[in-house]
Amino acid sequence: MEKLTYLDLFCGIGGFRIAANRVFSKRGIEFSCVFSSDIDPDAQTSYEANFDQRPGGNIRAISTSEIPDHDLLFAGFPCQPFSIMGSLRGFEDTRGTLFFEIARIIAARKPKAFVLENVKQLVGHDEGRTLNHILEVLLQLGYQVDYKVLNALHFGLPQKRERVFIVGFLESTYYQWPHKFVPMRALEEILEPEVALSYVASDLIKSNRLAKYTKVNHHRTIWHENKGGHISANPFSCALRAGASYNYLLVDGERRLTEREMLRLQGFPDDYKITGGYSAMRKLIGNSVAIPVVEAVLESVVDAMLESKPYEQQMLQSTFSLAENRPQIEYTPMQKD
């Protein structure tokens with residue numbers, strides 16, 4: 001395979017980029033990220049510090065003519081409109097319409113393949129109609145598509161993080177989802193041996209947690225308090241979230257996770273540079289992707305592109321209904337060039 005080029009949309013702090021670079025390097029494939037974008041200035045600063053590339057800003061303000069040709073498109077598009085922790089407003093939320101910015105670019109540049117990521121709740125949002133609409137748009141752009149919910153716990157990370165991945169190919173091929181799961185790393189490998197006192201929760205918060213949960217644990221745990229006030233303690237973290245309370249996750253019921261620990265829970269290497277304060281990094285990491293999961297998906301994408309196996313129609317039929325006379329969906333880009 002010749003040199004691969006890719007786009008990193010809604011790039012955040014670069015989880016997709018790290019995963020892609022690992023996969024391509026391991027395969028001996030020459031590669032280049034030809035364009036990245038994110039509207040968050042803190043994300044732009046972190047991305048630039050780690051990859052020497054300043055992402056573009058608001059994708060709505062970027063003309064298609066400014067987007068280079070590319071082989072692969074990656075996008076962990078904003079999940080808040082579809083998240084159970086958000087409003088679940090979907091396309092009614094202006095952030096939900098950002099999918100159509102992805103469609104605009106795909107329509108104009110026709111990459112060979114794409115990988116999109118979002119929260120698991122997208123699958124059932126509006127009784128499945130939202131996801132079906134997304135898939136229909138991608139089908140009408142000429143792509144074969146498939147989707148699957150994957151959990152970071154199955155890919156070596158001690159974080160229960162379920163996300164839906166959507167893959168698409170311009171040419172007929174056979175795609176097989178990752179199926180060789182990796183044993184979960186011990187939480188002890190993630191946690192730092194010593195942390196500053198600033199991470200320790202107040203006595204009041206600790207006592208409130210203890211009053212709700214009295215089970216004795218003999219291993220390191222992360223305590224999680226859900227919206228109903230229920231406390232659970234597990235040898236893994238619940239999903240990191242951008243907008244949650246500072247104390248919804250507490251290590252052994254005692255302290256908050258450090259920035260480095262949160263990065264490790266998402267699979268970031270320890271040489272990743274931390275550029276912002278605690279609040280900013282907590283938000284950015286919570287919005288990021290679980291790198292080993294993305295890496296496994298991309299391995300399978302590259303396999304499909306290299307092997308070019310015959311495409312089997314039943315793959316799509318097993319994913320969602322393909323009515324013979326499905327309605328045509330009008331796709332209107334948010335911005336015309």
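Counting begins at 1 with the first residue of the sequence.
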Checking Arg260 against Glu192 for the salt bridge (charged side-chain N to carboxylate O under 4.0 Å, His left out) test, could you report, in this order, the C-alpha distance in whole Å, the side-chain angles of both residues, the deciding distance, and whether it holds?
CA-CA 8 Å; Arg260 182 61 62 195; Glu192 297 188 88; over 6 Å; no
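Going from atom CG of Leu7 over to atom OG of Ser37 covers 7.5 Å, rounded to the nearest 0.5 Å. Note: Ser32 OG to Phe24 CZ = 10.5 Å, rounded to the nearest 0.5 Å.
Arg241 forms a cation-pi arrangement with Tyr248, by the criterion of a distance under 6.0 Å to the ring centre and an angle within 45° of the ring axis.
In the hydrophobic clustering of this structure, Val182 does not group with Val289; members are Ile, Leu, Val, Met, Phe, Trp, Tyr whose side-chain heavy atoms approach within less than 4.5 Å, directly or through other members. Linking ILVMFWY residues whenever their side-chain heavy atoms come closer than 4.5 Å, directly or via other members, leaves Met184 and Val251 in distinct clusters. Under the 4.5 Å side-chain contact rule for hydrophobic residues, Ile39 and Phe10 do not share a cluster.
Remark: Lys206 engages Glu254 in a salt bridge, criterion side-chain N to carboxylate O under 4.0 Å. A salt bridge links Arg163 to Glu117: at least one charged side-chain nitrogen sits closer than 4.0 Å to a carboxylate oxygen. Of the charged side-chain nitrogens involved, none lies within less than 4.0 Å of a carboxylate oxygen, so that Asp71 and Lys3 do not count as a salt-bridged pair. Ion pair Lys112/Glu171 not flagged as a salt bridge, since none of the NZ, NE, NH1 or NH2 atoms sits closer than 4.0 Å to an Asp/Glu carboxylate oxygen.
Put simply, the side chain of Ser46 never gets that close to the backbone of Asp42: no donor and acceptor are under 3.5 Å apart. Between the Gln44 side chain and the Asp38 main chain, a donor and an acceptor come within less than 3.5 Å of each other. A donor-acceptor pair is defined here as one N or O able to donate and one able to accept, closer than 3.5 Å; such a pair exists between the side chain of Asn50 and the backbone of Lys273. In this structure a side-chain-to-backbone donor-acceptor pair under 3.5 Å is missing from Asn234 to Phe236. Panel note: side chain Thr221, backbone Trp223; no donor-acceptor pair is recorded below 3.5 Å.
Counting non-hydrogen atoms of other residues, nucleotides and ligands closer than 6.0 Å to NZ of Lys148 gives a total of 12 or fewer.
Between the side chains of Arg17 and Ser36, not a single donor N or O lies within less than 3.5 Å of an accepting N or O. Between the side chains of Arg161 and Asn151, no donor-acceptor pair of N or O atoms lies under 3.5 Å. Between the side chains of Tyr175 and Asp303, no donor-acceptor pair of N or O atoms lies under 3.5 Å. Side-chain contact, Gln266 with Ser288: no donor N or O sits under 3.5 Å from an acceptor N or O.
Between Leu265 and Pro158, the shortest heavy-atom contact is CD2-O, 3.4 Å. The shortest non-hydrogen separation linking Tyr143 to Pro111 is OH-O, 2.7 Å. The two atoms that bring Ala304 and Tyr174 nearest to each other are CB-O, 3.5 Å, heavy atoms only. Taking all atoms of both residues into account, the shortest heavy-atom contact from Gln159 to Leu240 is OE1-N, 2.9 Å. Closest of all the heavy-atom pairs between Phe155 and Val293 is CD1-CG2, 3.8 Å. Shortest non-hydrogen contact noted between Ala75 and Leu73 is CB-CD2, 4.1 Å.
Under the rule for a salt bridge (charged side-chain N to carboxylate O under 4.0 Å, His left out), the partners of Arg264 that lie at least two apart in sequence or sit in another chain are Asp270.
For Phe114 and Phe74, the distance between ring centers is not under 6.0 angstrom. A ring-centre distance under 6.0 Å is not found for Phe35 and Tyr6.
Ring-plane geometry between Tyr199 and Tyr278 is classed as perpendicular, the angle between the planes exceeding 60 degrees on a 0 to 90 degree scale with a lower cut at 30.
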